[in-house]
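Notes to accompany the following structure.
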Amino acid sequence: MTATPVERPLIELRDVQKLYKLGGEGVRALNGVSVTINHGEMVAIVGPSGSGKSTLMHILGCLDRPTSGSYVLDGGDVQSYGDDALAEIRRAKIGFVFQQFNLLPRMTALQNVFLPMIYTRAKERERRAMESLERVGLGHRAGHRPTELSGGEQQRVAIARALVNKPPVLLADEPTGNLDTKVGAAIMEVFRQLNAEDGITVILITHDPTVSASARRVISMRDGAVVSDVKQAGAKA
Amino acid sequence: MSPLDSLRGALWSLWASKLRTFLTLLGVVIGVGAVISVMSIGRGSREAVTQQIESIGSNLIFVRPQAIRDQNVRGQLGSGLTLSLSDAEALADAPNVAGVAPEVNSFAQVQAGGNNTATRVLGVTPSYEQVRNFSVADGRFITDTDVDARSLNAVLGSRVATTLFPDSDPLGQTIQLNRRPYRVVGVLKTVGGGGQGVQDDAVLLPITTVQTRLVNQRQAGGANPVQLITVQATGEKTMDAAKEAITALLRERHRITGVDDFVLTSQDDLIAARTEVTNVLTILLGSIAGISLVVGGIGIMNIMLVSVTERTREIGIRKAVGAKRRDILSQFLTEAMMLSIAGGGIGLGAGFGVARLLEKLTLSGQAVQTLVTWDVAVLAVGVAVAIGLFFGIYPAMRAARMDPIEALRHQ
């Protein structure tokens, strides 16, 4: 399957504001962010620390709600959802990949991949977990604990976990931040394949230029606002 | 999240920290075990007392004279001389009465050959054998002829018989009682045990013989008083009716308008009186054991709170991949419940075991009797489970309410 960028919006942010109260003082983490991301895109969100990119990622990932503005994900208005409804959205529509991998240390690779499915009534859960692991090339390491796996392998397990409920979008927060350059490049290759072959929308939050270089679109942020939104036709694919 | 996944997950994480799980369980096990074993002693001794009192016969009502009052000094219960043999004879015809056994008792030194012993002397009638559940091992019981003739025939309790006649058959032999010879016509079966099982250590004579030769009390009218009339009701359900009939009949016979000159006590009253202290002690000790159960529950809560804090990141991950509040709640609540249910189950077994072990003990010459009843077992385990739920809900709610972003940042 080839990713054909039909102009079908998956994510629509309209004038999103996010205010935090820190010690009585209001902090404006996001200040009027409006972004549209279509199905099948591979987008990098870059910016220095404090630019609001982590806050944006939390809102995109439905871990948090905007203070004002609207967020429509796959046709649903996230702003109006309660906590449990947000959990349901996270389960069905979003796959998270973290910088620290965030695997459960007491579980095997396969059990970690299995984890999101225990909150569903999905059928053939074991088979799907195994398929997901095989998709990232780690079928042979299914029985190993995270401590027995290399950093790159752990991140692949995390990607397999993010994929297992077949979400339309993967959200990766500094996915190569804890990996050396070579392994990081291999992980980026996995994201590119998932984007190109399976048509999964990939959103990367990073400050690493080599990571953002592999995205077709780069959104730069500073002080809680989007300062540039560039489509780079020559992204290496 | 399916219940099976919850159970598997809880089992998994409890198994992962075995020592901690074991120690937490121990708190509940000790609590439940303590409640069950303490209650088993209470129930057991109550059962022992009940058996003992019921061994002297069934559906018995004891009629005693009211205490003597002399210038506001109240004498011992039964010290009055108000009951007579003719009262006993009249009671035999009262409704709901199956049998009547009047008695007079005294204390005397008995001797035979070179052996002697101090023992209780009971003056009885033939009906005593049936009403008080006595049985003769050898020879015969006191007969109506003995009573009518005030004969000098005696029936010996088994211990008296072996003390006086260690090497020979006592039947037909003579014993000396108050310097007067009596012929042994029967020996009672050995009953054993303490308390009411005094019939082993007694000499039974015709009631009339004791009245005239040993006690020698007279009522105002000149008749011989009796000290106790044991009335057997026709059944458990007719006890109250029999009591009423006895009271009415004696009031009429004694022409009473004011205070009764007799007192009725039933076997149930005896059981209640004798178990009162035990019951209070059982409740007291049971409450202390119950406190240890609560402490065990607090142990669960403590460990669950530690576990929730330790696994904050795990909770964050689970929430990020789609766990709802109730999924996290049920995960931690299942763990707490598992701890308390397993602790309750093991504690039940431990309580049973301790109860068994206690039965091998003897305290002040008496074997400890224990009884684990269903109500106590169900109560103890039920309370353990309720405590697990109560103390598990707060940590579980804390876990469920965590903000996923904060939880993911937790190191």
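Below, read A as the first sequence line, B as the second, and so on, with proteins coming before strands; counting in each chain starts at 1.
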Closest non-hydrogen atom pair, [X] against [Y]:
X        : Y        : value
B/Gly322 : A/Tyr119 : O-CB, 4.1 Å
A/Arg90  : B/Lys319 : NE-O, 2.8 Å
A/Ala87  : B/Ala323 : CB-O, 3.6 Å

Over 12 foreign heavy atoms within 6.0 Å of [atom1], [X]:
X        : atom1 : answer
B/Lys237 : NZ    : no
A/His144 : NE2   : yes
A/Asp223 : CG    : no
B/Phe22  : CZ    : no
B/Tyr394 : OH    : no
B/Arg401 : CZ    : no
B/Glu236 : CD    : no
A/Arg222 : CZ    : no

Proximity breakdown for [X] and chain B, heavy-atom pairs closer than 4.5 Å:
X        : result
A/Asp84  : both
A/Gln99  : neither
A/Met107 : both

Just verifying a value: how many Å separate [X] [atom1] and [Y] [atom2], rounded to the nearest 0.5 Å?
X        : Y        : atom1 : atom2 : value
A/Leu103 : B/Glu314 : CG    : CD    : 12.0 Å
B/Arg311 : A/Arg106 : CZ    : CZ    : 5.5 Å
B/Arg313 : A/Leu104 : CZ    : CG    : 10.0 Å

Exercise. Thinking salt bridges, do A/Arg91 and B/Asp327 make one under a 4.0 Å N-O criterion?
Worked result: no
Exercise. Heavy-atom distance under 4.5 Å to chain A: side chain of B/Arg325, backbone, both or neither?
Worked result: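 Both backbone and side chain.
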Exercise. Would you say the side chain of B/Arg318 lies within less than 4.5 Å of the side chain of A/Ile118, judging by non-hydrogen atoms?
Worked result: yes
For this session: Please list, in residue-number order, every residue in residues 48-73 of chain A that has a heavy atom less than 4.5 Å from any heavy atom of chain B; write 'none' if there are none.
Result: A/His58, A/Leu63, A/Asp64
